[in-house]
Amino acid sequence: MPSSVDALGQACSPGCSLALSTCCSVSAWQRRLPVLAWLPVYSLQWLKMDFIAGLSVGLTVVPQALAYAEVAGLPPQYGLYSAFMGCFVYFFLGTSRDVTLGPTAIMSLLVSFYTFHKPAYAVLLTFLSGCIQLAMGFLRLAHTCPVLWGHSIPFWLPGFLLDFISCPVIKGFTSAAAITIGFGQMKNLLGLQNIPRQFFLQVYRTFLDIGETRVGDAVLGLVCMLLLLALKLMRDRMPPVHPEMPPGVQLSHGLVWTAATARNALVVSSAALVAYSFGVTGYQPFILTGEIAKGLPPVRVPPFSVTTANGTVTFTEMVQDMGAGLAVVPLMGLLESIAVAKAFASQNNYRVDANQELLAIGLTNTLGSLVSSYPVTGSFGRTAVNAQSGVCTPAGGLVTGALVLLSLDYLTPLFYYIPKAALAAVIIMAVAPLFDTKIFGTLWRVKRLDLLPLSATFLLCFWEVQYGILAGTLVSVLLLLHSVARPKTQVSEGPVLVLQPASGLHFPAIEALRDTVLSRALGASSPCAAVLECSHICSIDYTVVLGLGELLEDFHKRGVSLVFVGLQVPVLRALLAADLKGFQYFSTLEEAEKYLRQEPGAEPYNICEDSVPEHKAALLKA
């Protein structure tokens with residue numbers, strides 16, 4: 001198991017001079033509470049770096065949280081309610097110094113699908129998702145397997161099922177989500193009213209009502225998008241700071257970097273100031289966010305029933321209403337969070353404990369439900385800000401969480417003046433990178449069949465997310481099964497026919513292999529001997545053994561030989577145990593060809609029952 005020391009200490013930024021590797025032995029308590037591994041050696045230099053990083057992430061998360069609540073179909077304060085619990089939980093349980101937990105665009109989209117824009121359903125879904133993730137973490141069901149996005153995903157059941165969600169499926173889902181979320185903000189960007197949330201109806205009504213666009217909102221939204229893009233490009237292209245630079249240059253560099261990093265807060269604040277200025281004159285050209293519930297959220301148990309005008313909706317009915325969301329939300333949450341953690345761990349050369357990450361996100365959601373949070377996960381964008389700010393430990397999250405709480409307690413009256421067009425610009429610029437424009441061309445060059453699950457997922461996700469993921473996964477599994485059932489066989493003709501299956505051999509493939517061997521070796525007018533080169537076959541089952549036995553009988557009836565070469569120990573053991581009539585095997589292809597051409601000096605290992613009894617007995621015993 002990777003230690004917390006490995007996770008937090010091996011890749012600190014140059015400013016973090018003190019190495020955590022001095023704590024080499026990590027106890028069980030330190031594995032469960034990684035904070036115990038790095039807190040005793042915490043330094044003032046780390047405090048400085050963590051404070052800067054936490055402040056940078058905080059200035060990013062506040063406007064994003066308000067915007068993502070709109071995506072989730074919830075009142076704006078619920079975005080802030082969801083943005084602070086993960087900061088405090090991850091301080092104790094996190095094994096990555098970079099990761100920040102909170103609301104994300106994709107998770108907000110899923111919440112909007114399964115909670116019907118009702119806060120009670122969203123909070124209950126948070127609690128149930130956290131319980132599921134905690135159970136998986138305690139049972140240590142998140143073994144890592146590097147197959148997704150170049151990172152790792154959970155393994156076993158249901159983590160085992162996630163292994164069948166291929167990269168094209170994920171790319172299809174995220175690209176569809178980017179379009180769904182981005183287009184869903186067009187109504188706010190253009191100042192349109194009464195636009196439905198269902199995607200296809202949304203597209204229809206948006207174009208139908210395009211003539212009702214409010215000029216003020218449209219202009220402000222476009223200006224905000226241009227400013228966000230310009231600040232992002234400025235930060236990406238800034239040269240690194242060198243110690244020999246004059247202090248004035250370093251100061252200006254720091255100010256520009258701070259403004260570019262906190263661009264969301266800067267742009268939203270400027271838009272709110274413009275809206276307030278118009279409001280003072282008595283004319284308001286923008287649609288504003290409006291009243292936001294002031295103060296910290298009350299601490300209370302999640303709602304296990306809801307009272308409506310038509311009666312009481314019981315817990316069982318709420319669970320039935322959420323349906324597939326109880327599987328999709330927790331699984332996509334842990335998938336996204338662990339993928340983010342693995343990405344930055346690989347980039348910064350340290351390790352994370354997937355099971356511990358699962359516990360962190362599970363406890364965050366469980367405790368978050370007590371403060372009216374909706375489901376959260378690891379945020380790639382804010383994690384990138386955290387890493388680029390030089391964070392050293394998860395202590396930076398304490399600054400972020402404190403800033404969110406201060407915003408809830410003191411700044412909510414100011415949020416009244418934030419134009420919805422500005423928040424729409426923040427969301428659109430945040431989700432735009434999720435759409436991978438290069439994936440189609442890449443798959444066309446690498447493997448065109450992978451375009452099938454990508455397309456199935458992409459198209460059906462506009463209808464229902466779970467149907468898109470299910471369809472893409474099903475297509476991926478069918479392609480996998482086809483390759484297993486019809487493995488390619490390389491054929492080399494000559495005096496002796498050599499057939500080499502290009503992949504493993506399992507029961508669906510034996511009939512196809514038999515047909516290939518029989519048609520190439522025995523189908524001609526003059527049958528020829530054949531060699532089955534099995535170096536790529538690492539295991540076989542009983543059906544394959546029976547099929548190979550029938551194949552040997554077919555060759556025996558035609559009076560020609562079929563021999564085996566390159567058998568790995570498990571395969572050879574199985575074939576010897578079956579006592580197949582006429583079974584002969586050689587260590588090299590040259591020996592097999594020499595024997596079949598009836599040249600002296602080559603004999604199979606088991607041409608007679610007593611020729612290699614010691615070898616056969618050793619294999620059977622092994």
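Count residues from 1 along the sequence.
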- What do the steps show when you test Thr261 against Ser56 for side chain to side chain donor-acceptor pair (under 3.5 Å), and what is the final call? CA-CA 7 Å; Thr261 301; Ser56 301; 5.6 Å; no
- Message: Test your reading of the model: is there a side-chain donor-acceptor pair from Gln133 to the backbone of Pro330, 3.5 Å cut-off?
- Response: yes
- Item | Phe304 CZ: over 12 foreign heavy atoms closer than 6.0 Å | yes
- Closest contact, heavy atoms only, Leu109 versus Ala177: CD2-CB, 3.7 Å
- Item | Sidechain-backbone polar pair: Glu464 side chain, Tyr467 backbone, donor-acceptor under 3.5 Å | no
- Message: Check whether Asp50 reaches the backbone of Thr393 with its side chain - one donor and one acceptor, N or O, closer than 3.5 Å.
- Response: yes
- So, the side chain of Tyr90 versus the backbone of Ser96: is there a donor-acceptor pair under 3.5 Å, distance only? yes
- For Tyr374 and Pro103 the tightest heavy-atom approach is OH-CB, 3.3 Å
- Item | With Lys294 via salt bridge (charged side-chain N to carboxylate O under 4.0 Å, His left out) - residues at least two apart | none
- Message: Just so I know, are the side chains of Glu70 and Ser108 near enough to count as touching, which here means a heavy-atom distance under 4.5 Å?
- Response: no
- Message: Please find the pair of heavy atoms, one from Ile469 and one from Val169, that lie closest to each other, and give the distance.
- Response: O-CG1, 4.2 Å
- Task: Over all heavy atoms of both residues, which pair between Ala430 and Pro433 is shortest? Give the atoms and the distance, please.
- Result: O-CD, 3.4 Å
- Mind listing the closest non-hydrogen atom pair of Val123 and Pro303 along with its distance? CG1-CD, 3.8 Å
- With sequence neighbours excluded, give me every side-chain hydrogen bond (donor to acceptor under 3.5 Å, both in side chains) pair touching residues 380-389. Gln64-Arg382, Arg235-Gln388
- Message: Are Tyr78 and Tyr81, when compared by the centres of their aromatic rings, separated by less than 6.0 Å?
- Response: yes
- Is it true that a side-chain atom of Asn188 and a backbone atom of Lys420 form a donor plus acceptor pair closer than 3.5 Å? no
- Query: Parallel, tilted or perpendicular: which fits the ring planes of Trp46 and Tyr42, with parallel below 30° and perpendicular above 60°?
  - Reply: perpendicular
- Is the backbone N or O of Ile170 less than 3.5 Å from a side-chain atom of Thr174, with the two atoms forming a donor-acceptor pair by type? yes
- Message: With salt bridge (Lys or Arg N to Asp or Glu O under 4.0 Å) as the rule and sequence neighbours excluded, what pairs involving residues 425-438 come up?
- Response: Lys171-Asp436
- Query: Hey, does His482 have a side-chain heavy atom less than 4.5 Å from the side chain of Leu479?
  - Reply: no
- Task: Quick one: sort the Phe458 and Phe440 rings into parallel, tilted or perpendicular, breaks at 30° and 60°.
- Result: perpendicular
- Message: Donor-acceptor check, side chain of Thr126 to backbone of Ser373, threshold 3.5 angstrom: yes or no?
- Response: yes
- Task: Could you tell me whether the side chain of Thr400 reaches within less than 4.5 Å of the side chain of Thr100, counting heavy atoms only?
- Result: no
- Task: Could you check if a side-chain atom of Asn348 sits within less than 4.5 angstrom of a side-chain atom of Arg97, using non-hydrogen atoms only?
- Result: yes
